[in-house]
Amino acid sequence: MAARDEAGTFLNSGDCVGGLAIVDRAVVEAESALRGHDRAYGLGILHLRGLTLAGRIKALLNRPAVACSR
């Protein structure tokens, strides 16, 4: 949960790539450390945060370039 909140801080500040790196490290740790319901719940929360971050990155990359007015 702490990693999800930390990644959310990165999301709110606009550093989606940094937040995604935190989620990635947390997923690796959760996969090896958690079992049963805790594992499913923890990984689900982390994957949802990762999807949010990835969606924000995709939106930023697909944004049309702003043309100079002069």
Side-chain angles (χ1 to χ4, degrees):
M1 297 297 271
R4 180 206 61 186
D5 294 341
E6 184 179 0
T9 303
F10 278 76
L11 174 66
N12 292 336
S13 69
D15 183 6
C16 297
V17 175
L20 205 51
I22 289 169
V23 169
D24 186 51
R25 286 191 298 269
V27 164
V28 170
E29 184 178 332
E31 285 177 337
S32 63
L34 300 176
R35 297 284 177 257
H37 176 75
D38 290 340
R39 185 175 194 265
Y41 183 76
L43 288 172
I45 292 232
L46 289 169
H47 282 112
L48 286 172
R49 177 65 79 194
L51 286 169
T52 301
L53 289 158
R56 188 73 58 90
I57 291 169
K58 183 178 178 183
L60 290 172
L61 292 175
N62 290 333
R63 190 169 47 179
V66 178
C68 295
S69 59
R70 294 183 193 237

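Starting from 1, each residue takes its place in the sequence as its number. Hydrogens, waters and symmetry mates are skipped; everything else that's a heavy atom, side chains included, is used.
Heavy atoms from other residues, nucleotides or ligands lying under 6.0 Å from CD of Glu29 number 12 at most.
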What donor-acceptor contacts under 3.5 angstrom involve side-chain atoms of residues 14-28, with partners at least two apart or in another chain?
{"from": "Asp15", "atom 1": "OD1", "to": "Gly18", "atom 2": "N", "distance (Å)": "2.9"}

Distance-only criterion, 3.5 Å: show the donor-acceptor pairs between side-chain atoms of residues 4-12 and protein atoms not counting sequence neighbours.
{"from": "Thr9", "atom 1": "OG1", "to": "Asp5", "atom 2": "O", "distance (Å)": "3.2"}
{"from": "Asn12", "atom 1": "ND2", "to": "Gly8", "atom 2": "O", "distance (Å)": "3.4"}

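Taken to the nearest 0.5 Å, the CD1 atom of Ile57 stands 12.0 Å off from the CG atom of Asn62. Note: Leu48 CG to Leu43 CG = 11.0 Å, rounded to the nearest 0.5 Å.
Within the hydrophobic cluster formed by Ile, Leu, Val, Met, Phe, Trp and Tyr side chains joined at under 4.5 Å, directly or through other members, Leu60 stands alone, with no partner residue.
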